[in-house]
Peer 1: 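Here it is, the structure, as C-alpha cells.
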Amino acid sequence: MLKVAKFGGSSVAGAEQFKKVKAIIEADPARRIVVSSAAGKRDSSDHKLTDLLYLCHAHITYGVSCEEIVGAIRSRFVEIRDALGLKYDVEGEFDKLLPRLDKYMGVDELVSRGEYFTSRLLAEYLGYRFVDAADCVFFGFDGQIDREKTYAAIKDALDKYERILIPGFYGRLPTGKIKVMSRGGSDISGALAAAAVDADIYENWTDVSGILVADPRIVENPAPISTITYAELQELAFMGASVLHEDSILPVKEKGIALNIRNTNRPQDPGTMIVDDVEEAGDEEERFITGIAGRRGFTILTVKKRSMNTSDSLRQALEILDRYHAPVEHITLGLDSFALVSATKALGDSVYDVIADIQKAVRPDDVNVKEGISLVATVGRKMTSRPGTSGRLFHALGKSGVNIRTIAQGADELSIIVGVENEDFEKTIRVIYERFAG
Ligand code: ASP
C-alpha cells in the first residue's frame with residue numbers, strides 16, 4: 001500500500017498543526033510521499049503566507065519597502081522552527097534571499113518560497129527527504145505540466161529515498177525559472193505525485209471532514225458525503241461547490257486512483273472518498289442524491305418564432321453568443337422556441353448587441369431576456385436508474401412556492417438542474433435537501 005498525503009495551508013499553519021501532521025504520518029507507514037502547501041491562516045485574523053508574498057511583490061513593484069512583510073514571513077518560520085526544536089537556518093536562508101528580492105527574483109520564485117520554507121521545516125520535523133519541486137515538477141514551453149518528465153522524476157526520487165516530501169504549487173520551466181501554478185495548486189502537485197508512483201490513495205488533508213451534501217451556509221448541519229464519483233464531483237464543482245483545484249482531478253482519475261479528503265484536525269473522521277467508477281462507489285450511501293450545488297447570476301434568453309427551423313436558428317444564436325464570448329451553460333428546446341442560459345456577467349453590456357444580432361439573423365417573433373436567475377444542480381448517480389426523480393423534485397419545489405424558470409438534465413442523467421429566481425436560490429437548495437437528504 002502506497003499513499004500520497006497532501007497537506008493544505010491550514011494543516012501546516014503553525015507548530016501545533018505540524019504536530020498533528022506528524023501524528024497522521026506516523027499512524028500509517030504507507031504515507032511515503034508528503035506534499036505541502038505554504039503555511040496558511042492560524043485563525044481568521046491571520047494571513048496566508050502566499051498572500052503575504054504576493055503583497056511583498058506588489059510593494060517591490062511600486063517601490064515601497066517590503067521589509068515589514070518580509071520580517072513577518074520570516075518570523076512565522078522562525079516561530080515554527082523554535083517551537084519544534086528544529087535546526088533549519090531560516091535566518092541564513094533569508095539573508096541570502098533578501099539581496100535578490102527586488103532585482104533578480106521573479107514573482108513566481110518569490111511566491112514559491114512559502115511552500116519551499118514550509119516544506120523544508122516539515123521535512124526536517126517528519127524525518128522525510130526534502131525533494132525540491134524545482135527538481136521534480138516540470139512545465140513545458142507552453143506553460144503546461146510536462147507530465148511524462150514530472151512522473152519520471154518523482155518516481156526516481158521515491159526509488160532513491162524511502163520517504164520524500166515535495167513542496168506543492170510550483171515547478172520549473174525549461175528555461176530553468178520557477179513557475180507557480182494557479183492558486184490552490186498544491187492539490188495539483190499532490191495529484192501528480194500520486195499518479196507518478198501509482199499510489200493506492202491520494203489523501204488530501206484539509207480543515208473539513210470531507211465534502212458536504214450542501215453548502216453549510218445555506219443548509220444547517222448538512223451531512224457529509226462518504227463516497228462520490230469523479231463525474232459527480234465535476235458536476236458539483238461546475239455548479240459552484242469548491243473543494244479541490246479542478247486540475248487536480250485528471251491525473252488521479254486517469255490512473256483510477258481514489259482521492260480521500262480528510263480533516264487534519266479530526267483524523268478519526270473517514271472524510272470523503274472520490275472514486276472513478278460507480279461500482280466502486282457502491283450503493284452503501286443511504287441517501288438518494290449525492291450533492292446539491294448552485295450558482296447565482298444567470299440570464300435566460302428566450303427566442304420564439306412560429307414554424308422556425310430550430311437547428312438553423314439555434315446554430316445562429318449560438319454563434320452570436322460565441323462572438324460575444326458568452327459561454328452558453330444550458331439550452332432548452334421547444335417546438336417553436338428555444339432558451340439559452342448564460343452567465344449575466346459574461347454577457348455584460350453586450351446583451352443588447354446579442355439581442356440585436358439575434359433579431360437580425362433569426363428574425364424571431366419575440367426575444368425575451370430574463371436576468372436574475374440562479375441555477376441549482378441536484379447531483380446523484382442513483383438518479384440515473386430511478387424513474388420519477390424529477391417529478392418528486394419539481395413537486396417539492398412547487399409545493400414550497402418556488403417558481404422554476406428553466407429545467408435541464410445532464411445527458412448522462414447524473415444531474416437535474418433547475419433555474420429559479422435569485423431570491424429563491426437558498427430556499428431551493430433547502431427544499432431539495434430536506435426532500436432528498438434531510
Ligand atoms: N499556497 C498556495 C495558495 O495559497 C497554493 C496552495 O496552497 O495550494 O494558493
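Computed from heavy atoms alone, side chains included, the values below leave out hydrogens, waters and symmetry copies. Values in this document were obtained by computation on a predicted structure and should not be read as measured data. Remember, it's 1-based here, ligands and their atoms both numbered in the order they're listed.
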Peer 1: For ligand 1, find out whether one of its N or O atoms is nearer than 3.5 Å to an N or O atom of Gly184.
Peer 2: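 Yes - when backbone and side-chain N and O of Gly184 are compared with those of ligand 1, one distance drops under 3.5 Å.
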Peer 1: Does a salt bridge link Arg120 with Glu93, judged by any charged N lying under 4.0 Å from a carboxylate O?
Peer 2: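 Salt bridge flag = no for Glu93 with Arg120.
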Peer 1: Check Asp200 with Lys3, please: is the shortest side-chain N to carboxylate O separation under 4.0 Å?
Peer 2: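 Between Asp200 and Lys3 there is no salt bridge, as every charged N stays at least 4.0 Å from the carboxylate O atoms.
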Peer 1: How far is atom 6 (C) of ligand 1 from its nearest protein heavy atom, and which residue and atom name does that atom have?
Peer 2: Ser186 OG, 3.3 Å
Peer 1: Which of the atoms in ligand 1, numbered in the order shown and given with their element, are less than 4.0 Å from a heavy-atom of Lys48?
Peer 2: 4 (O)
Peer 1: Side chain, backbone, both or neither: which part of His245 comes within less than 4.0 Å of ligand 1 when only heavy atoms are counted?
Peer 2: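 Neither part.
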Peer 1: Consider every N or O of Asp187 and every N or O of ligand 1, then say whether any pair is closer than 3.5 Å.
Peer 2: no
Peer 1: At a non-hydrogen distance cut-off of under 4.0 Å, which region of Met181 contacts ligand 1 (side chain, backbone, both, or neither)?
Peer 2: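 Neither part.
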Peer 1: Enumerate the atoms of ligand 1 whose separation from the nearest heavy atom of Glu115 is less than 4.0 angstrom.
Peer 2: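 By the 4.0 Å cutoff, the relevant atoms are 1 (N), 2 (C), 5 (C), 6 (C), 7 (O).
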Peer 1: Do Arg262 side-chain atoms and Pro267 backbone N/O form a donor-acceptor pair below 3.5 Å?
Peer 2: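 Side chain of Arg262 to backbone of Pro267: a pair is present.
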Peer 1: Kindly confirm or rule out an N or O of Arg183 lying under 3.5 angstrom from an N or O of ligand 1.
Peer 2: yes
Peer 1: One thing to verify: whether Glu91 and Arg81 come together as a salt bridge, which I'm taking to mean a side-chain N less than 4.0 angstrom from a carboxylate O.
Peer 2: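 Yes, charged N to carboxylate O under 4.0 Å.
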Peer 1: Please walk me through it: do Phe18 and Phe7 pass ring pair (Phe, Tyr, Trp, His ring centres under 6.0 Å)?
Peer 2: CA-CA 10 Å; Phe18 269 50; Phe7 291 90; 9.7 Å; no
Peer 1: Between Phe117 and Phe94, is a ring pair (Phe, Tyr, Trp, His ring centres under 6.0 Å) present by the stated rule, with each step listed?
Peer 2: CA-CA 10 Å; Phe117 288 120; Phe94 266 73; 5.0 Å; yes
Peer 1: What's the verdict on side-chain contact (heavy atoms from CB on, under 4.5 Å) for Val252 and Ile274, showing C-alpha distance, side-chain angles and the deciding distance?
Peer 2: CA-CA 10 Å; Val252 273; Ile274 309 165; over 6 Å; no
Peer 1: Under 4.0 Å, counting heavy atoms only: does Gly114 come that close to any atom of ligand 1?
Peer 2: no
Peer 1: Give me the residue, atom name and distance of the protein heavy atom closest to atom 7 (O) of ligand 1.
Peer 2: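 Going atom by atom, the protein heavy atom closest to atom 7 (O) of ligand 1 ends up being Ser37 OG, 3.1 Å.
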